[in-house]
Amino acid sequence: MALDIENPIEGSFQIIGGNFDNAGEASSQLKNRLLELNVNDDIIRRATIATFEAEMNVIIYAAAGRLNFVITPTQIQIRIEDMGPGIENIEQAMTEGYSTAPEWVRAMGWGAGMGLPNMKKNSDVFKIDSVIGEGTTIEMTLNLT
Ligand SMILES: Nc1ncnc2c1ncn2[C@@H]1O[C@H](COP(=O)(O)OP(=O)(O)O)[C@@H](O)[C@H]1O
Ligand SMILES: [Mg+2]
């Protein structure tokens, strides 16, 4: 499959809060598209990590959300939008090791407080916007060139 600026490849996936059985579904769909497109391994790895962490946060903290991606010849654009409690202090949430994950989530191996820092680290452009009581939107771009 070839990448064409006139026909960007797009995908959209619903993410349901609390649905740990489907954890990783949205990020692996994106990964499969990137594999089909023969995108560089390191970029696939970074995109998959960043998307997986964002997807997990919707599952853990929000009621529901949606992942949208657009792949053009030059960029992967990823947007994860959720309906949830929002984040009161984004700077604190972005701190490595900071987590409000409840004990039962930690028992499953989540809640190391590295998700947001790793999304930022693995994307070329990272934007987060949150409204208390409404939800959180994360936009990540990875350059393909
Ligand atoms: N989508 C979200 N909605 C509400 N709160 C969130 C969301 N994503 C992250 N947070 C808050 O930011 C904190 C840090 O997130 P993260 O770095 O992914 O670490 P972790 O998920 O391991 O706690 C979370 O513990 C939570 O308090
Ligand atoms: Mg997380």
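Whatever order the structure lists them in is the order used to number ligands and atoms, beginning at 1. None of the values given here were measured: they were computed from a predicted structure. One is the number of the first residue; the rest follow in order along the sequence.
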**Q** Strictly under 6.0 Å, is that where the ring centroids of W110 and F52 end up?
**A**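 W110 vs F52: aromatic centres under 6.0 Å.
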**Q** Can you check whether K31's main-chain N or O pairs, donor with acceptor, with S28's side chain at less than 3.5 Å?
**A**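 Looks like no, no N/O pair under 3.5 Å.
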**Q** Please table the atom pairs, donor to acceptor, closer than 3.5 Å between any side-chain atom in residues 136-145 and protein atoms at least two apart or in another chain.
**A**
| from | atom 1 | to | atom 2 | distance (Å) |
| --- | --- | --- | --- | --- |
| T136 | OG1 | S130 | OG | 2.9 |
| E139 | OE2 | R79 | NH1 | 2.5 |

**Q** Pull up every protein N/O/S atom sitting under 2.8 Å from the Mg ion (ligand 2), skipping waters.
**A**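 Listed by chain and number, the atoms are N57 OD1.
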**Q** Which donor-acceptor pairs under 3.5 Å do the side chains of residues 8-17 make with protein atoms, sequence neighbours left out?
**A**
| from | atom 1 | to | atom 2 | distance (Å) |
| --- | --- | --- | --- | --- |
| S12 | OG | R66 | NH1 | 2.4 |
| S12 | OG | N68 | OD1 | 2.8 |

**Q** Would you say the side-chain atoms of E55 pair up with the backbone N or O of A26, donor to acceptor, closer than 3.5 Å?
**A**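 Yes, because the side chain of E55 sits within donor-acceptor range (under 3.5 Å) of the backbone of A26.
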**Q** Would you say D41 and R45 make side-chain contact, with heavy atoms under 4.5 Å?
**A**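 Contact flag for D41/R45 side chains = no.
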**Q** How would you list, by chain and number, the residues with a heavy atom under 4.0 angstrom from ligand 1?
**A**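 Under the 4.0 Å cut-off, ligand 1 touches N57, Y61, D82, P85, G86, I87, A93, Y98, S99, T100, A101, G111, A112, G113, M114, G115, L116, P117, T136.
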**Q** Has the side chain of N40 got a donor or acceptor atom that lies under 3.5 Å from a matching backbone atom of I43?
**A**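 Indeed, once roles are kept as given, a pair shorter than 3.5 Å links the two residues.
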**Q** Report the distance from atom CD1 of I132 to atom CD1 of I87, rounding to the nearest 0.5 Å.
**A**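 Spacing of CD1 (I132) from CD1 (I87) equals 8.0 Å.
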**Q** Would one find more than 12 heavy atoms of other residues, nucleotides or ligands at under 6.0 Å from atom CD of Q92?
**A**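 Counting neighbours around CD of Q92, more than 12 heavy atoms of other residues, nucleotides or ligands fall under 6.0 Å, so yes.
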